[in-house]
Trainee: 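Let me give you the structure first, and then I'll get to my questions.
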Amino acid sequence: MVDWKKLIKLKAALRGGFVFCGMIYPDMESISSLVANFPFGGILLGLIFLVYWVQTFLIVYHLTRFGIGPAPKLFAMIFFVGSGILFMLAVGMYSRVHLGDIGSLFQGSVKDFLPNGQY
Amino acid sequence: MLNLSFLIHSQYTFEGKKPYEHVVALLYRHWFVLAVKIILFLLFLILPFIVYGITGSYLSRAGLTSAFWFVIAAYLCAWWYGLFYQVTMYLLDVWIVTDHRIIDSQQHGFFNRTLSELNLAKIQDISVLVKGGVPTLLDFGNLEIQSAGAENRFLFEQIPNPYRIKDLVMKMHNQYIAQHKDEIEIHESEGI
């Protein structure tokens, strides 16, 4: 269940935050450029990459170390090969994505949080 | 050249296996238990293609087809992981019957594992429970061993051929009693 009261409070807090930033940093453009240049996407992708391969390692490790007989080793190999193929497929698909198209979908939805004239 | 012989010639060994000990039976849950989970996962595999069938025209008009397929590729990575997590838990839930003891190894998740063992001499009573239509048809069920040890109840869950395994455990128990008078481990006294 969505708690609308909390959401309204959050929106008000965010708006207050932006106003505060505007007061202590009148030059909001410098913050904007800082935020624009910060590699959020790269960090996020790096984290996803890390989590994905750590999880893959955990399954391969458990199957090869604790598995008894040839079946767990065979499944570990199938899983590892499949993980590699799917990961390359995901990377290939990501390279074909035009981020501008996705960004255009959310255009105008952020400005509601900002004080008048500060976007 | 890549040597893959370990996939065929891998030994039925486990941590703590004694050199004089022989594995008589290695038991997993019945394949049907895993098959049900795999069928559920296959349904989740079809899901994104159904979504594409419904929203495909909208996605192409909005120029989001490539983004959609990227999301599907990421979804497939998660799907593959989920599928093999189930397979891993299935393969690591094992019951090992050796000519000296019974080992119950249960994997409850990564880094959460219980391992208990029962000496064959401590077996007091064995019972089999096959309940339901599918278990009766496919011949799988639970086998419960009452023991005189610290772990007073050993439960083999959803194992195939439970009646045959019950007979096998009783046979091994009788053999062990006959070979080990007064529960003295003859192999260890021989220095093997």
Side-chain angles (χ1 to χ4, degrees), chain A residues 40-109, chain B residues 2 4-15 17 23 25-28 31 34 59-96 98 103 105-107 109-113 115:
Chain A
F40 287 113
I43 289 169
L44 186 68
L45 281 178
L47 276 175
I48 291 169
F49 176 87
L50 191 73
V51 167
Y52 181 75
W53 284 108
V54 165
Q55 298 278 36
T56 302
F57 167 75
L58 284 179
I59 284 192
V60 172
Y61 172 80
H62 275 79
L63 282 174
T64 49
R65 183 174 168 194
F66 301 116
I68 302 166
K73 281 97 178 170
L74 183 65
F75 276 102
M77 203 180 78
I78 293 168
F79 172 69
F80 185 70
V81 171
S83 295
I85 291 168
L86 285 172
F87 185 76
M88 283 189 284
L89 183 76
V91 171
M93 292 293 178
Y94 177 74
S95 65
R96 289 173 61 189
V97 173
H98 303 292
L99 290 171
D101 295 341
I102 301 165
S104 64
L105 281 181
F106 301 103
Q107 217 167 34
S109 51
Chain B
L2 190 63
L4 298 175
S5 63
F6 69 94
L7 295 173
I8 304 158
H9 302 296
S10 181
Q11 296 293 306
Y12 286 92
T13 57
F14 51 90
E15 281 184 3
K17 183 175 176 285
V23 175
L26 174 69
L27 303 164
Y28 299 106
W31 59 263
L34 183 65
L59 289 167
S60 60
R61 261 187 280 125
L64 292 171
T65 312
S66 57
F68 176 80
W69 286 114
F70 165 64
V71 172
I72 295 305
Y75 172 84
L76 284 179
C77 288
W79 177 85
W80 183 251
Y81 171 78
L83 176 71
F84 271 83
Y85 178 81
Q86 295 299 332
V87 172
T88 304
M89 292 305 127
Y90 172 80
L91 288 171
L92 299 184
D93 267 0
V94 287
W95 294 272
I96 307 160
T98 76
I103 297 154
S105 174
Q106 296 291 306
Q107 194 78 34
F110 292 136
F111 309 111
N112 186 0
R113 191 162 175 254
L115 190 76

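Proteins get letters first, then strands, A, B, ... in listed order; numbering begins at 1 in each. No hydrogens, no waters, no symmetry mates; every other heavy atom, side chains included, goes into these values.
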Trainee: Ignoring hydrogens, what is the shortest heavy-atom contact between Met93(A) and Phe70(B)? Give both atom names and the distance.
Mentor: CB-CA, 3.5 Å
Trainee: Name the region of Ile72(B), side chain, backbone, both or neither, that has any atom closer than 4.5 Å to a heavy atom of chain A.
Mentor: neither
Trainee: If you compare all heavy atoms of Ser105(B) against all heavy atoms of Arg113(B), which two are closest, and at what distance to 0.1 Å?
Mentor: OG-NH2, 3.3 Å
Trainee: What part of Tyr85(B) gets within 4.5 angstrom of chain A, counting heavy atoms only: side chain, backbone, both, or neither?
Mentor: both
Trainee: Can you tell me which of Leu89(A), Leu63(A), Val91(A), Ile85(A) forms the most heavy-atom pairs within a distance under 4.5 Å of chain B?
Mentor: Leu63(A)
Trainee: Check the orientation of Tyr81(B) and Phe79(A). Use parallel for under 30°, tilted for 30 to 60°, and perpendicular for over 60°.
Mentor: tilted
Trainee: Of all the heavy-atom pairs spanning Cys77(B) and Tyr52(A), show the shortest one and how long it is.
Mentor: CB-CE1, 3.5 Å
Trainee: Under 4.5 Å from any heavy atom of chain A, what part of Leu92(B) do you find: side chain, backbone, both or neither?
Mentor: side chain
Trainee: Take atom CZ of Phe110(B) as the centre, draw a 6.0 Å sphere, and report whether it contains more than 12 heavy atoms from other residues, nucleotides or ligands.
Mentor: yes
Trainee: Between chain B and each of Ser95(A), Gly82(A), Gly92(A), Pro72(A), count heavy-atom pairs under 4.5 Å; write down the option with the most.
Mentor: Gly82(A)
Trainee: Mind checking what makes ring-ring contact (aromatic ring centres under 6.0 Å, His included) contact with Tyr75(B), not counting sequence neighbours?
Mentor: none
Trainee: Could you tell me which portion of Phe111(B) (side chain, backbone, both or neither) has an atom closer than 4.5 angstrom to a non-hydrogen atom of chain A?
Mentor: both
Trainee: So what's closer than 4.5 Å to chain B heavy atoms on Ile48(A): side chain, backbone, both or neither?
Mentor: neither
